[in-house]
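The block underneath contains the structure these notes are about, expressed in structure tokens.
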Amino acid sequence: MAEWIQGTVTDNMHWTENLYSLKIDADVDRFTAGQFTSLALDIDGERIARPYSYLSGPEQRPLEFFFYAATGGILSNAMLNLKAGDSIWLRKKANGFFTLNEVPDSNDLWMFGTGTGIAPFFSILSTGEPWQRFEKVVLVHGVRSNADLRYQDVIHAIKEKRGDQFQFRAFVSREEIPGTFFGRIPAAIADESLEDSLAMHLSPESSQIMLCGNPDMVKDTVEVLKQRGFKKNRRRTPGQITVENYW
Ligand SMILES: Cc1cc2nc3c(=O)[nH]c(=O)nc-3n(C[C@H](O)[C@H](O)[C@H](O)COP(=O)(O)OP(=O)(O)OC[C@H]3O[C@@H](n4cnc5c(N)ncnc54)[C@H](O)[C@@H]3O)c2cc1C
């Protein structure tokens with residue numbers, strides 16, 4: 001097991017009642033964009049640890065993470081109350097294979113994240129690699145409410161910098177919000193309305209897909225993509241769908 005190091009919270013940004021982000025100063029080892037580390041707090045004499053994706057890129061400081069305070073969740077509700085200056089444990093070394101070096105080359109890269117599952121994509125998009133390797137990069141964020149669509153300033157900055165190479169689409173499942181899709185991601189892949197809105201086509205010959213977050217979204221999206229000829233990407237049997245389930 002990698003060693004624990006102590007970090008210092010520099011900011012806790014409360015976006016909604018149960019969505020927040022922490023900025024942390026800590027001397028972690030270099031990580032690859034898309035990887036996660038473990039964060040932990042000592043609660044009632046026990047170290048409670050969970051995995052969290054880096055939202056910040058490998059070159060960015062302070063480190064940044066994006067959280068959902070899960071109903072009844074021990075660690076996510078405890079971290080919600082952290083303030084600047086408080087201590088938090090982090091694993092020094094990152095983990096995980098949800099990284100672009102695991103994704104084969106293709107024309108276009110599609111990144112689908114639900115809720116806080118958008119975090120590793122911001123890390124990846126802060127690096128040069130997606131822009132050098134893919135002609136088009138599509139980021140899709142699925143949330144319940146409009147208020148959950150965070151980091152719009154980061155998305156606008158990417159759009160400004162990358163122009164037509166970058167496209168963003170939002171899905172809001174519980175509110176009808178102009179300019180966003182109402183409903184769930186798998187349905188808009190099945191009826192091709194997502195592709196129509198982008199004037200792009202998802203195909204196993206030219207597209208790589210990364211899915212992150214809610215396991216129901218991951219499972220249902222994999223299912224509709226399989227019906228269109230896509231395969232899971234594994235080291236021994238490369239395909240087009242790379243996934244990270246958050247629970
Ligand atoms: C590789 C990996 C990376 C992860 N990265 C993040 C991240 O960047 N941000 C983040 O918020 N969580 C992330 N998670 C989930 C995180 O590790 C915890 O499960 C979560 O914070 C809940 O912990 P808890 O102790 O509060 O509650 P627990 O008792 O561990 O979980 C309670 C329940 O909350 C639900 N849940 C867990 N995570 C989420 C979530 N993100 N959104 C909505 N519901 C959830 C599940 O139903 C779970 O059973 C990641 C998980 C994995 C495996």
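The figures here come from the full heavy-atom set of this structure, side chains too, leaving out hydrogens, waters and symmetry mates. Atoms within a ligand are numbered from 1 in the order they appear, just like the ligands themselves.
- The backbone and the side chain of Y246 each have at least one atom closer than 4.0 Å to an atom of ligand 1 (non-hydrogen atoms only).
- Counting heavy atoms from C-beta on, the side chains of Y68 and Y20 never come closer than 4.5 Å.
- Residue, atom and distance of the protein heavy atom nearest to atom 34 (O) of ligand 1 are A70 CB, 3.1 Å.
- A side-chain donor from one of N18 and T16 sits under 3.5 Å from a side-chain acceptor of the other.
- When each of Y246, F121, F36 is paired with F98, the ring pair (Phe, Tyr, Trp, His ring centres under 6.0 Å) condition holds for F121 and for no other.
- Taking a cut-off of under 4.0 Å to the non-hydrogen atoms of R50, the atoms of ligand 1 that pass are 17 (O), 23 (O), 24 (P), 25 (O), 30 (O).
- With a heavy-atom cut-off of 4.0 Å, N245 touches ligand 1 through its backbone alone.
- Ligand 1 has F66 within reach: a non-hydrogen atom of the residue lies less than 4.0 Å from it.
- Protein heavy atom nearest atom 20 (C) of ligand 1, with residue, atom name and distance: Y52 OH, 3.7 Å.
- Regarding atom 49 (O) of ligand 1, its nearest protein heavy-atom neighbour is W247 CD1, 4.3 Å.
- Ring centers of W15 and Y151: under 6.0 Å apart, within the cut-off.
- Atoms of ligand 1 found under 4.0 Å from any heavy atom of G73 (numbered from 1 in listed order, with element): 24 (P), 26 (O), 27 (O).
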